[in-house]
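Worksheet: one structure, shown below.
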There are 2 protein chains.
Amino acid sequence: MLDVMAGTRRATIGRPREFDVDEALERAMRVFWEQGYEGASLTDLTAAMGITRTSMYAAFGNKEDLFRRALERYFAGPAAYAERAPEEPTAKQVAAAFLHGAVDTTTSPEQPSGCLSVQGALAAAPADRAVQDLLADVRNDACARLEDRFQRARDEGDLPPTSDPGLLARFLMTVSGGIAVQAASGAGRDELHRVADAALQNWPPA
Amino acid sequence: MLDVMAGTRRATIGRPREFDVDEALERAMRVFWEQGYEGASLTDLTAAMGITRTSMYAAFGNKEDLFRRALERYFAGPAAYAERAPEEPTAKQVAAAFLHGAVDTTTSPEQPSGCLSVQGALAAAPADRAVQDLLADVRNDACARLEDRFQRARDEGDLPPTSDPGLLARFLMTVSGGIAVQAASGAGRDELHRVADAALQNWPPA
DNA sequence: ACAGTTAAGCACTGATCGGTACAGAACAAA
DNA sequence: TTTGTTCTGTACCGATCAGTGCTTAACTGT
């Protein structure tokens, strides 16, 4: 039997869902963001989502799957700066967009402090290795994107030939991770913007 | 009744302890270091310490007290660089000792990767607020010590009058926190030393 | 020998963890 | 109305959490 409808939204048969999946996912994302993967219990999550455990399992699979979806939403929304920064026209602008974007996202007054992927990564019980590996992949991808971008910048003369694209990328990842830690510890937005500026002060000239 | 013996070691009456408190504390510290405060269960801890739950409670109080003791041991031992760095003769040497010390401690092949106080801080269930506050105090103390040191350096002409001691201190805390995140994610020691050098490259001249 | 004191070890507590069985409710197709 | 399908809510599962009661063991002082 050919499944010609694969990928299309099937006509609604059965009882219709009574909650908004997107809205529920948004709220779950915030709980994970505030409490980390392990710190967020299903009771916390479903209470914030406004649905029962059963509905959550039916809609998202399990806690790990829910976290995956929440993480996707995080990088598509609040943390989109990480993927957009490499599109800036110059290497220095890429770096500035990356760091200042990190500050804005981790210190937004309307959102939890800190970074979902950093919070999640450091709550490290060996049991949740799958989640840790997922987060490690996300971070490595971001680092690789920056490195590729700086490699291109060097090829184009936007960075000096002596510069090290991998080191520059790792440096930005390190500072942005530190910004997330500081933000989670309560550091202020203005202060962290100044820290970001300080980190960018010795950026290689074009 | 005057307790003239207060503070002195009472003669050993009763059954003698069969384990070395220091050794047990060292092993507990490593478990907290690897797994964070919440991630380290009493089963994990006591198994590593080689004692029963009962003995742990009798000797240390409870899990939170044990963590406090482990944290003290951490900053007296593996993370002593944080308190020793301000003793360096120049501001730049202070900064270098702080960052490279962070790299050495968080990437030691003989010890867990990352930083105990960062790992513990970001596993944030609201229930353990006492532990989070404790770790926030520790971090703020370290930042204040650096700031005082750089203030003195500026007064002594070791830093230019235009430099901002608070910003320099916060910058170092941010980078060292980022180093801890990178180390926990598996970044290599040599690579992080290069990142530390990059962060120190634009340090204000004397 | 005996009382007093402290530690060790087993078995247990109530609470909470992630996850689920089951029954009823709400829809589409027949 | 009946049947099939999907969602909702309750009430529960075994496992694990931090923490303890109680007995027994090992020591000191008398």
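Order of the sequence lines fixes the chain letters, A, B, ..., with proteins taken first and strands second; residue numbering starts at 1 for each chain. Note that the structure is a prediction, hence the values are computed from the model and not measured.
- For A:R17, whose side chain is taken as the heavy atoms from C-beta onward, the closest listed nucleotide among D:dT28, C:dA8, D:dC7 is D:dC7.
- The side chain of A:T43 sits closest to C:dC17 out of C:dC17, D:dT8, D:dA18.
- Not one N or O on the side chain of A:R154 forms a donor-acceptor pair closer than 3.5 Å with the backbone of A:D164.
- Side chain to side chain, B:R53 and B:T43 meet the donor-acceptor criterion of an N or O pair below 3.5 Å.
- Computed from coordinates, the B:F19 CZ to C:dA8 C1' distance equals 10 Å when rounded to whole Å.
- Under the side-chain contact (heavy atoms from CB on, under 4.5 Å) rule, A:Y37 has a single partner from A:Q132, A:Q119, A:E64, which is A:E64.
- One can place CD of B:E64 at 18 Å from P of D:dC17, the figure rounded to the nearest angstrom.
- Note on ring orientation: taking the six-membered ring where Trp is involved, the planes of A:F32 and A:F67 are perpendicular (angle over 60°, cut-offs 30° and 60°).
- Rounded to a whole Å, the CD1 atom of A:I13 is 21 Å from the P atom of D:dT2.
- Within residues 50-63 of chain A, the residues having any heavy atom closer than 4.0 Å to DNA chain D are, in order of number, A:T52, A:T54, A:S55.
- Between B:R73 and B:D22, at least one side-chain nitrogen of the basic residue sits less than 4.0 Å from a carboxylate oxygen of the acidic one, meeting the salt-bridge criterion.
- Among C:dA8, D:dT6, C:dG19, the nucleotide with an atom closest to any side-chain atom of A:L42 is C:dG19.
- The nearest whole Å value for the distance from the CE atom in B:M49 to the C1' atom in C:dA7 is 15 Å.
- Side-chain atoms of A:E18 lie closest to D:dT8 of the nucleotides C:dT5, D:dT5, D:dT8.
- The CZ atom of A:F67 sits 16 Å away from the C1' atom of C:dG18 (whole-angstrom rounding).
- Under the 30°/60° scheme for interplanar angles, the aromatic rings of A:H193 and A:H100 are found to lie parallel.
- Checked for salt-bridge contact, B:R68 and B:E72 miss the test: no charged N lies under 4.0 Å from a carboxylate O.
- Atom CG in B:L45 sits roughly 13 Å away from atom C1' in D:dG19 (whole-Å rounding).
- In this model, a side-chain donor or acceptor of A:R15 finds a partner on the base of C:dA25 within 3.5 Å.
- Nearer to the 5' terminus of DNA chain D, by closest-nucleotide assignment, is the contact made by A:P16 (compared with the other of A:P16 and B:S41).
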